[in-house]
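Here the structure is a predicted model, which is why all the values come from computation and not from measurement. Computation of the quantities below employed the complete heavy-atom set of this structure, encompassing side-chain atoms and omitting hydrogens, waters and symmetry-equivalent molecules. In listed order, ligands and their atoms are each counted from 1.
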Amino acid sequence: MKNLLVTGGAGFIGANFVHYMLDNHPDYKIVNLDLLTYAGNIHNLDDIKDNPNHIFVHGNIGNRELVEYLVDTYHIDTIVNFAGESHVDRSIVNPGIFIDSNIKGVLNLLDITKRKGLEKYLQVSTDEVYGSLGPDGYFTEETPLAPNSPYSASKASADLLVRSYYETYGMNVNITRCSNNYGPYQFPEKLIPLMIQHGLDGLELPVYGDGKNIRDWLHVYDHCQAIDLVLQKGKPGEIYNIGGHNERSNNQIVEIIAKRLHCEDRIKYVTDRLGNDKRYAMDPTKIETELGWKPKYTFDTGIGETIDWYLDHEDWWRPLIEKAKFDRFNYQG
Ligand code: NAD
Ligand code: TYD
């Protein structure tokens with residue numbers, strides 16, 4: 001493996017992954033295909049724009065001619081797919097685009113992987129495909145799929161397509177399912193960066209419902225390291241759960257941020273998201289024991305560094321907030 005097509009590499013996790021791979025594999029070439037939707041930000045790649053091992057291409061994973069052209073021109077041997085719509089709230093309002101990018105786009109990538117005989121296809125998926133847990137237990141790779149939102153249903157559909165390409169054509173595919181990521185470059189619509197921005201801008205910190213929903217927080221660096229491991233050592237057809245051993249309620253997260261920014265008085269309980277899953281918690285034993293993955297971050301270190309990053313990078317996130325004001329006129333589902 002040497003020539004990677006990384007899709008969605010201008011988004012939060014994709015951009016972190018591109019940086020991680022360029023730092024850790026100087027012999028790799030990375031072609032980064034991204035549609036630059038509202039969530040894709042070319043400035044996430046500013047510091048690597050002159051790196052000869054990174055080629056950015058603006059385009060859609062669903063564009064067959066373009067993807068084939070890139071595979072042929074750059075002798076791509078591996079596809080890692082981060083591209084897609086990623087926000088549950090948007091999927092509740094506008095599910096259509098989730099079908100186009102998260103399902104049809106994946107089908108196009110899989111089909112090209114098959115026809116061009118590529119070495120590997122890795123699909124970046126989510127713990128949300130398993131649905132919601134009660135107070136006990138964990139998601140394992142054997143947990144049945146039971147997605148609850150249009151977003152997670154689109155991701156589960158893609159996972160089933162990936163599985164079918166392994167079963168039917170014997171392709172070398174992997175699916176990684178991670179828990180909620182946090183860290184630098186996350187678009188400020190997700191819980192942690194949104195609360196930081198609201199805290200800094202004197203706005204209310206809107207907690208959905210009773211705030212007792214639980215997510216299992218994973219630092220994006222640890223996620224990137226895990227994906228790299230699966231690329232190097234993952235067995236064909238296998239699924240790997242990636243989780244941070246960091247269950248926290250939304251209330252706990254918001255309290256940490258509010259305390260740090262001295263705005264506890266602005267925490268506001270608002271109407272819950274429709275179908276808000278109660279609890280996600282991953283059992284990452286398989287990737288830990290079979291591939292030797294070990295997260296580097298504790299939550300305390302990770303969240304502290306992440307808040308610092310947003311405080312130091314106002315010039316990164318403020319233009320996104322300005323642009324998002326006009327988003328509803330341009331965004332079509
Ligand atoms: P993101 O929304 O920050 O980035 C998605 C990127 O994909 C953007 O750069 C966007 O422009 C691009 N994109 C969207 N549709 C495209 C298309 N049709 N063709 C090409 N590019 C397209 O998302 P993220 O948080 O970085 O998530 C990346 C992947 O990881 C997603 O597939 C998501 O489902 C999955 N995931 C994310 C989390 C999380 O906590 N953020 C957790 C589990 C799984
Ligand atoms: P989010 O960051 O959107 O991730 P996901 O839905 O993929 O887990 O939301 C995490 C949790 O935080 C979820 O229970 C919804 C809640 N939430 C709020 O309470 N307020 C907010 O403003 C947002 C964006 C999310």
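A cation-pi contact links Lys296 to Tyr221, judged by a cut-off of 6.0 Å to the six-membered ring centre and 45° from its axis. Relative to the ring axis of Tyr38, Arg90 places its NZ or CZ within 45° and under 6.0 Å from the centre.
Between Glu85 and the options Thr37, Ile99, Asn94, Asp100, a side chain to side chain contact (heavy atoms under 4.5 Å, CB included) holds for only Thr37. Just one residue in the list Thr126, Asp127, Ile242, Ile239 forms a side chain to side chain contact (heavy atoms under 4.5 Å, CB included) with Arg177, and that residue is Ile239.
Ile214 contributes atom CD1, which lies 9.5 Å from atom CG of Leu133 (distance to the nearest 0.5 angstrom).
Under the salt bridge (charged side-chain N to carboxylate O under 4.0 Å, His left out) criterion, Lys212 pairs with no residue, sequence neighbours left out. Listed by chain and number, the residues in a side-chain contact (heavy atoms from CB on, under 4.5 Å) with Thr73 are Tyr69 (sequence neighbours excluded).
Around ligand 1, the residues contributing at least one heavy atom under 4.0 Å from the ligand are Gly8, Ala10, Gly11, Phe12, Ile13, Asp34, Leu35, Leu36, Thr37, Ala39, Gly40, Gly59, Asn60, Ile61, Phe82, Ala83, Gly84, Ser86, Ser101, Val124, Ser125, Thr126, Tyr151, Lys155, Cys178, Ser179, Asn180, Asn181. For ligand 2, the 4.0 Å heavy-atom shell contains residues His87, Val88, Glu128, Asn180, Glu189, Lys190, Leu191, Leu194, Met195, Pro206, Val207, Tyr208, Asn213, Arg215, Asn250, Arg273, Asn276, Tyr280.
Separation of the Phe187 and Phe12 ring centroids does not fall under the 6.0 Å cut-off.
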**Request:** Could you give me the CA-CA distance, side-chain angles and deciding distance for Leu200 and Leu261, then say whether side-chain contact (heavy atoms from CB on, under 4.5 Å) is met?
**Result:** CA-CA 7 Å; Leu200 289 172; Leu261 302 180; 4.1 Å; yes
